[in-house]
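Note sheet for the following structure.
No experiment lies behind these values; they were computed from the predicted model shown.
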Amino acid sequence: MSAPPRILPERYDPAPVESKWQAVWDAEGAFRAEPVSRDGVAAELPDRPKAYVLEMLPYPSGEIHMGHVKNYTMGDVVAHHRRRMGMAVFHPMGYDSFGLPAENAAIRTGVPPAEGTARNIARIRQQLKALGFAIDWDTEIATSDPEYYRWTQWLFLRMYERGLAERREAAVNWCPHDQTVLANEQVIDGRCERCGHAVELRQLTQWFLRITDYAQRLLDDMDELVDWPERVLTMQRNWIGRSEGARVVFAVEGGGDPIPVFTTRPDTLFGATFFILAPEHPAVVHLVEGRPEEAEVREYAAAAARASAAERGETERPKTGVFTGRHVVNPVTGDPIPVWVADYVLMDYGTGAIMAVPGHDERDFAFARAHGLPVTRVIAPEGENPAAPLDEPYTGPGRLVNSGFLNGLTVDEAKTTVAEWLCERGLGELTVGYRLRDWLISRQRYWGAPIPVVHCPVDGVVPVPDDQLPVVLPHVDDYAPKGQSPIASVAEFVNTTCPKCGGPARRETDTMDTFVDSSWYFLRYTAPHLTTAPFEREIVDYWLPVDQYIGGIEHAILHLLYARFFVKVLHDAGLLGAREPFARLFTQGMIYRDGAKMSKSKGNVVSPDEIVARLGADALRLYVLFMGPAAEDIEWSDRAVEGQRRFIDRLWRLVGGLEAGGLAARPAREALEGPALELVRAAEAAIAKVSEDIGERFSFHTAISSVQELVNLATKGVAEGVFDDDAGRAALRYASQTAVSLLFPFAPHVTSEMWEALGGGPLWREPWPEAAPEFLARETVTVVVQVNGKLRDRAEVAAGTPDADLVALARALSKVAPAIEGKQVVREVVVPDRLVNLVVK
RNA sequence: GGGGACGUGGCGGAACGGCAGACGCGGAGGUCUCAAACACCUCUGGGGGAAACCCCGUGUGGGUUCGACUCCCACCGUCCCCACCA
């Protein structure tokens, strides 16, 4: 008798198997999404539930790194699972291809950014395909494609029409190295997030998007409409920085426009003993004009302007400032208080001016001490002498003192009372302040979408008409930054005619922040090649919001806030039904190696290509998810990745050793006993576990380990020869097949090969298995017996044994009886089918 | 200064108030081999014991509970976010 032929080769060779299945998926368009808007084709909306699964699109630098592999593998697992659950799945891919690195490379090498970017995209696409991601490649987009940025410009114009895009002068962050302005969000600790150079403040006229108009809605909708990690929500809340307070107007003694301040402590108004303007405050110049203090104040303001944002932000720095020689009137006391200029007051928060209350604010106290200004107590804690002098600012609760009509009130009462008083006299009101600033989108660089407006000497700013879009980025010879975009030197681009009057006019030469591009790309996927609109309402409303968004925590503020803003604006414009872009968000942890983030400069990068070549894409996909909890930062291990390949090989040998024939049905419960029954039970348990771990918990590493347990159990049984009868063979075949099916989302190539060898059809279309309850319920259970909560013994009993019987059994156990002997059992805690706890005294 | 997350074997981690350490890496021993690699098997938190077993153990100290890795409080440590924000 000879052994039956194996249904798979002895050894698994990933390369041919992986390219085979990738070719199959490509050829049959296995992961093509419908519906997607296409020119002239009316789409039909499926009546199945939908799942829009999206990972943050990559920036096409040279190659993808392990972080990308993890990100896209997670999305792929979710997409495969949802598809096999019978949902209509949308899982697209694109490239965030505008941006500085491509431009800087162009400066270095002379290769135009468009060329370098196209090459990088081709390379990344090939890498993504080699990993076998289930992506609808027909919907692929690149944000630097004129057919994409045409619609970025179109959306900018809709914002302009709604008054949400405006050009104005403001103190802005300027990066002297990159020679461009930056959004507030792109300045980290006073430095440019790209190049790390200290950022300067400059007074410039720039384009802003009025995201502050949406501050409250961005805050409110977080509570209602999204299921996001608490951490990210907190970060966004902090960033928006809502604070309730009041606006108080101070009259200027000796004439001049009254100056408003924002304060969160209007209750302390009686204690406002001086007044401070930010050095950039427009009133500064007027107040000191022609006065003896003018020279000194101007010098101070100029010095402040020269200081970097990082220097000015330094909390420990001594509080400097100069007196203007002028006074404003405290509205409640009627007293004149001196006006100073100090750089600890910032122009871009509140009104750029503050009432200083040294008795109850740390900074104002420090300033008062440094410059010999009076300190008045206006709040005293319960039971303390109101006359007691202040050695330090008091910021706690208490009652008002030295405060005229507010005396005796609590802090909260005083806030409303003083606000009413001010309101009646037109001197102030309760307001809400936000830390969030408007989004500065102008960039003086080349590789971005041109802002589609024209400057006409007659008509001013004139939007480019829709039918003249896109405003195409012209070719230039020199990409070096010069303080304005390189396209400003292209005469044919700049010189144009005014769309309104037809006279000569100049084009805007600033390009848009690339975060504008990525604020709406998830909408464009639904109509990637549509030439008549950025997207179609019916289709975009079918898919939006994204059901599962996956990406790095580093985008917790910038991208995620901007995208939310965009969707709200488009909703208000009637272009979109959705009010939030991403219903559910998952933020993945970073991959470290040798204790540091993988990076080229540290030389600790592991190339995905190398792992794919050596161990196969499936082993890599398994490993990046098996490493640990997907949300945590995890250390890469060169050895552990090989463990996943060993696991694949183990499963390969197991399946290869089965007989030829079709797929097995789940064996009937009654036909099984012993190891065969236990194996099918384990298979059903694995189904339940993997389904929950992928479906709800985002716990991929435990999903994989439960399949490993199943495979280990099967392998062990085979080695012991316990599945050699008919029932055993049926159980083994079913369990092996189940392991293959469950592992498919993680390792699609090798499982497809095994499934085919088992006689199955396309595994990506195979319905997701459901656990059979009759196998999950057990006839006998292990009951744990504790004495005073301490484990003493355990017992096998029939499921559903009554409490009283369990207790009797427990008390009689040989390890339990001595522990309770001679003691009084004061309580018997029973958890049916699980545990007995005897409490003794 | 404000906010948040996390502390479990040699390592990554599991345990969603009920058997701590699943799964994997690493390590030790063994089978196979002329030998090695691969593969397979056994063991692998600490201490005691010939063994059956016993004791200790989830950063530290308290608390809640019949019962705490899990919940609460404080502290220590690590990491992240925000920060002269009025």
Side-chain angles (χ1 to χ4, degrees), chain A residues 11 188-189 229-239 241 243 245 261-265 268 272 276 278 312-317 319 342-346 348-357 360-364 366-367 433-437 553-554 556-557 589-590 622-623 626-629 631-644 646-647 649-650 653 689 692 696-697 699 701-712 715-716 719-720 782-794 815 825-831 834-840:
Chain A
R11 285 187 63 86
I188 311 294
D189 292 334
E230 196 49 49
R231 195 171 152 216
V232 177
L233 296 177
T234 305
M235 281 166 74
Q236 291 219 349
R237 277 190 201 104
N238 289 343
W239 190 260
S243 58
V261 302
F262 175 74
T263 176
T264 53
R265 296 296 302 276
T268 62
I276 300 184
R312 272 189 71 174
E314 183 51 60
T315 329
E316 301 307 317
R317 201 158 154 255
K319 298 258 176 308
D343 68 0
Y344 81 91
V345 174
L346 308 174
D348 53 4
Y349 183 75
T351 63
I354 64 159
M355 59 179 228
V357 185
H360 305 282
D361 180 279
E362 311 254 354
R363 296 150 303 175
D364 297 348
F367 191 85
Y434 298 93
R435 210 194 71 107
L436 184 69
R437 322 280 161 78
I553 187 76
E554 66 273 19
I557 296 172
M590 281 193 294
L622 275 172
Y623 178 63
F626 183 74
M627 289 173 85
E632 309 280 312
D633 294 342
I634 312 258
E635 179 86 12
W636 172 272
S637 160
D638 294 312
R639 306 298 300 271
V641 64
E642 290 169 16
Q644 294 311 304
R646 278 201 283 276
F647 167 54
D649 288 344
R650 208 152 66 230
R653 281 192 302 270
K689 177 78 176 144
E692 197 200 347
E696 285 114 59
R697 299 208 322 154
S699 179
H701 64 311
T702 52
I704 294 166
S705 72
S706 69
V707 180
Q708 291 178 341
E709 278 181 76
L710 176 60
V711 173
N712 289 350
T715 307
K716 199 175 152 159
E720 289 166 356
T782 306
V783 170
V784 171
V785 181
Q786 301 176 334
V787 176
N788 287 345
K790 199 170 163 64
L791 176 74
R792 284 295 162 189
D793 206 353
R794 51 201 79 159
K815 287 178 199 160
V825 176
V826 293
R827 190 162 169 189
E828 294 155 344
V829 179
V830 179
V831 182
R834 296 208 64 160
L835 159 143
V836 175
N837 186 16
L838 302 173
V839 184
V840 300

hbond_proxy A:Gln236 side chain to B:C82 base (donor-acceptor, 3.5 Å cutoff): no
N/O donor-acceptor pair, side chain A:Lys815 with base B:C53, under 3.5 angstrom: no
Grab the two heavy atoms, one from [X] and one from [Y], that are nearest each other, plus how far apart they are.
| X | Y | value |
| --- | --- | --- |
| A:Val839 | A:Asn788 | CA-OD1, 3.3 Å |
| A:Phe262 | A:Gly350 | CB-CA, 4.1 Å |
| A:Val261 | A:Thr351 | CA-OG1, 3.3 Å |
| A:Val787 | A:Val840 | CG1-CG2, 4.1 Å |

Expressed as a whole number of angstroms, how long is the span from [X]:[atom1] to [N]:[atom2]?
| X | N | atom1 | atom2 | answer |
| --- | --- | --- | --- | --- |
| A:Phe647 | B:C25 | CZ | P | 11 Å |
| A:Trp636 | B:G24 | CH2 | P | 18 Å |
| A:Arg834 | B:C19 | CZ | P | 7 Å |
| A:Glu642 | B:G26 | CD | P | 8 Å |
| A:Asp361 | B:A86 | CG | C1' | 6 Å |
| A:Glu709 | B:A22 | CD | P | 10 Å |
| A:Met235 | B:C81 | CE | C1' | 5 Å |
| A:Glu554 | B:C81 | CD | C1' | 13 Å |

Taking atom [atom1] in both [N] and [M], compute the distance separating them and give it to the nearest angstrom.
| N | M | atom1 | value |
| --- | --- | --- | --- |
| B:A37 | B:C69 | P | 43 Å |
| B:G21 | B:U44 | C1' | 12 Å |
| B:C75 | B:G24 | C1' | 35 Å |
| B:G47 | B:G57 | C1' | 11 Å |
| B:C84 | B:G1 | P | 15 Å |

A:Lys319: side-chain hydrogen bond (donor to acceptor under 3.5 Å, both in side chains) partners, not counting sequence neighbours: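 By the side-chain hydrogen bond (donor to acceptor under 3.5 Å, both in side chains) rule, A:Lys319 matches no residue at all.
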side-chain hydrogen bond (donor to acceptor under 3.5 Å, both in side chains) involving A:Gln236 - partner list, sequence neighbours excluded: A:Arg564
Contact between [X] and [Y] at the side-chain level, heavy atoms closer than 4.5 Å - yes or no?
| X | Y | result |
| --- | --- | --- |
| A:Gln786 | A:Arg792 | no |
| A:Val836 | A:Val784 | no |
| A:Val707 | A:Phe647 | yes |

Along RNA chain B (nearest heavy atom to each residue), the more 5'-positioned of A:Val839 and A:Val641: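 Looking at the nearest nucleotide for each, A:Val641 comes out on the 5' side.
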Position toward the 5' end of RNA chain B (nearest nucleotide), A:Leu791 or A:Val829: A:Leu791
Would you classify [X] as touching base, sugar-phosphate or nothing, given that sugar-phosphate means primed atoms plus P, OP1 and OP2, and contacts are heavy atoms under 4.0 Å?
| X | result |
| --- | --- |
| A:Asn712 | sugar-phosphate |
| A:Lys319 | base |
| A:Arg639 | sugar-phosphate |
| A:Arg437 | base |
| A:Gly643 | sugar-phosphate |
| A:Val826 | nothing |

Given [N], is OP1 or OP2 found less than 4.0 Å from the side-chain N or O atoms of [X]?
| X | N | value |
| --- | --- | --- |
| A:Asn837 | B:U65 | no |
| A:Arg435 | B:A83 | yes |
| A:Arg363 | B:C84 | no |
| A:Lys790 | B:C56 | yes |

Sugar-phosphate or base contact per nucleotide [nucleotides 2-14 of chain B; S, B, -; heavy atom under 4.0 Å]: -S--------BSS
B/S/- contact track for nucleotides 35-45 of chain B, protein heavy atom under 4.0 Å: ----SS-S---
Secondary-structure notation, RNA chain B, from Watson-Crick and G-U pairs under 3.5 angstrom (| other strand): (((((((..(((.....[....)))((((((.......))))))((((....))))..(((((..]....))))))))))))....
Side-chain (A:Arg437) to main-chain (A:Asp348) donor-acceptor, under 3.5 angstrom: yes
Under 3.5 Å donor-acceptor, A:Asp793 side chain and A:Val785 backbone: no
Any side-chain donor near an acceptor of the partner, A:Asn712 and A:Arg650, under 3.5 Å: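 Note: A:Asn712 and A:Arg650 side chains meet the donor-acceptor criterion.
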Polar side chain donor-acceptor pair, A:Thr702 to A:Ser699, under 3.5 angstrom: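 A:Thr702 vs A:Ser699: donor-acceptor pair found between side chains.
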Nucleotide nearest [X] when distance is taken to its side chain, options [options]:
| X | options | answer |
| --- | --- | --- |
| A:Tyr349 | B:A86, B:C55, B:C19 | B:A86 |
| A:Thr264 | B:A83, B:C66, B:A86 | B:A86 |
| A:Arg792 | B:A86, B:C55, B:G18 | B:C55 |
| A:Val784 | B:C19, B:C25, B:C66 | B:C19 |

Nearest-0.5 Å distance that lies between atom OG in A:Ser706 and atom CD in A:Glu692: 10.5 Å
Syn or anti for B:G4 (syn when the glycosidic angle lies within 90° of 0):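 Here B:G4 takes the anti form, which means its glycosidic angle is more than 90° from 0.
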Residues in ring pair (Phe, Tyr, Trp, His ring centres under 6.0 Å) contact with A:Tyr623, at least two apart in sequence or another chain: A:Trp636
